[in-house]
Amino acid sequence: MHALRALTVGGQAAQAAGLAEETIRMLSEAYGEIDDSDGVVGQAAHAVVDAHKQACRKARADPERLAEWLVGHVLGDGNDVTDLDPLDYADVLGPAGLARMRLLAAEALRRSPRGWAEQYLMERLVKAEGDVDALIALYAKDLLPSGATHLRIAEELDAAGRESEALAWAERGLRDTSTERMSTAAWSITCAPDTRGRTGRPRRSRSDGTGCGRSAP
């Protein structure tokens with residue numbers, strides 16, 4: 001790590017970034033075969049990632065090429081050891097790199113619509129952009145029978161101040177599921193105080209006929 005930082009400070013940041021990526025690759029490949037119960041390998045990997053970020057900033061790395069490397073790493077098997085967050089590179093990526101990353105993430109999600117890493121990466125990128133509609137569309141593609149996805153959608157809409165839509169999704173969750181968690185969450189969204197100054201105002205009665213003046217389930 002000291003050698004990588006020395007290269008960065010010494011005007012060879014691009015070389016440092018390349019060496020860091022190769023080191024991350026080797027650590028990732030070896031991680032499954034190593035007993036890292038003391039966390040030494042993980043700490044070393046995190047230090048290399050930090051050095052990589054510094055080198056990329058100093059070298060003004062090509063945004064689209066960096067986006068491709070980040071997506072490849074995050075969606076590969078190697079991110080267990082680094083726990084790398086691609087949005088930590090947002091300042092280096094800039095609009096062009098972030099757009100490239102979202103495009104690659106969308107393509108990966110189309111190939112593996114049930115892939116956890118693909119879903120999580122796309123969710124992170126959409127949330128970072130503040131695109132509530134895209135986030136809702138992403139969640140709505142895979143509605144869990146437990147109602148957990150309905151709940152997430154309702155909560156996101158409620159947080160965005162889109163109360164009627166939040167209520168509609170909560171009510172849909174109540175229709176589609178019968179879990180206690182979903183019922184309680186829908187109650188909360190229906191009867192929660194309005195945080196914009198009209199404290200305690202009921203929004204609407206629940207679709208099951210239980211009004212806001214009655215006890216929550």
Side-chain angles (χ1 to χ4, degrees), residues 17-18 20-34 36 41-42 44-46 48-50 52-53 56 61-157 159-160 165-166 169-170 172-173 176-177 179 181-182 185:
E21 289 171 11
E22 179 63 16
T23 303
I24 289 169
R25 183 190 65 78
M26 291 189 294
L27 284 171
S28 299
E29 290 178 354
Y31 188 62
E33 309 298 326
I34 297 173
D36 192 35
V41 177
H46 293 160
V48 175
V49 169
D50 286 341
H52 181 251
K53 283 185 283 192
C56 287
D62 177 76
E64 295 196 10
R65 185 263 165 200
L66 179 59
E68 291 167 5
W69 182 84
L70 288 168
V71 171
H73 177 73
V74 169
L75 298 185
D77 297 328
N79 204 32
D80 287 344
V81 64
T82 59
D83 195 26
L84 183 152
D85 184 353
L87 290 177
D88 286 343
Y89 292 78
D91 58 325
V92 185
L93 290 164
L98 289 170
R100 178 64 175 160
M101 188 182 294
R102 180 162 173 176
L103 177 63
L104 293 170
E107 291 173 352
L109 187 58
R110 280 194 291 271
R111 290 192 299 269
S112 302
R114 295 273 180 161
W116 181 89
E118 288 80 1
Q119 290 178 355
Y120 182 71
L121 175 59
M122 195 65 186
E123 180 182 337
R124 290 280 290 123
L125 294 172
V126 170
K127 277 190 171 183
E129 292 178 7
D131 191 340
V132 176
D133 289 325
L135 184 62
I136 300 313
L138 180 63
Y139 289 156
K141 287 180 180 178
D142 188 19
L143 295 173
L144 298 175
S146 66
T149 324
H150 299 75
L151 172 57
R152 293 180 77 182
I153 291 172
E155 289 175 339
E156 291 291 344
L157 288 167
E165 294 173 78
W169 271 99
R172 178 176 171 180
D176 295 349
T177 71
T179 63
R181 181 169 179 250
M182 188 65 228

- prompt: Side chains of L75 and R111: does their closest heavy-atom pair fall under 4.5 Å?
  reply: no
- prompt: Checking N79 side chain against L84 main chain: does a donor-acceptor pair fall under 3.5 Å?
  reply: yes
- request: Determine whether more than 12 heavy atoms belonging to other residues, nucleotides or ligands lie under 6.0 Å from atom CG of D77.
  value: no
query: Do D88 and V49 have side-chain heavy atoms sitting under 4.5 Å apart?
result: no
- prompt: Got a second to check how far L138's CG is from M122's CE, nearest 0.5 Å?
  reply: 6.5 Å
- request: Hey, could you give me the NE2/OG1 distance between H52 and T23, rounded to the nearest 0.5 Å?
  value: 10.0 Å
statement: For M101 and A67 the tightest heavy-atom approach is N-CB, 4.0 Å
task: Answer yes or no: is there a side-chain heavy-atom contact under 4.5 Å between L135 and V132?
output: no
message: Just so I know, are the side chains of T149 and D142 near enough to count as touching, which here means a heavy-atom distance under 4.5 Å?
response: no
field: Distance, nearest 0.5 Å, that separates CD of E22 from CD1 of I24
entry: 10.0 Å
Carboxylate-amine/guanidinium proximity below 4.0 Å for E118 and K141: no
Spatial distance of atom NE2 (H73) from atom OG1 (T82) [nearest 0.5 Å]: 3.0 Å
query: Atom CG of L125 and atom CG of L98: how far apart are they, to the nearest 0.5 Å?
result: 7.5 Å
4.5 Å side-chain heavy-atom contact, L143 and W169: yes
message: Let me confirm one number: the CD1-CD distance from I153 to E165, rounded to the nearest 0.5 Å.
response: 11.0 Å
query: Does a side-chain N-to-carboxylate-O contact under 4.0 Å join R25 and E21?
result: no
task: For R152, check side chain to side chain donor-acceptor pair (under 3.5 Å) against everything at least two apart and list the hits.
output: E123, Y139
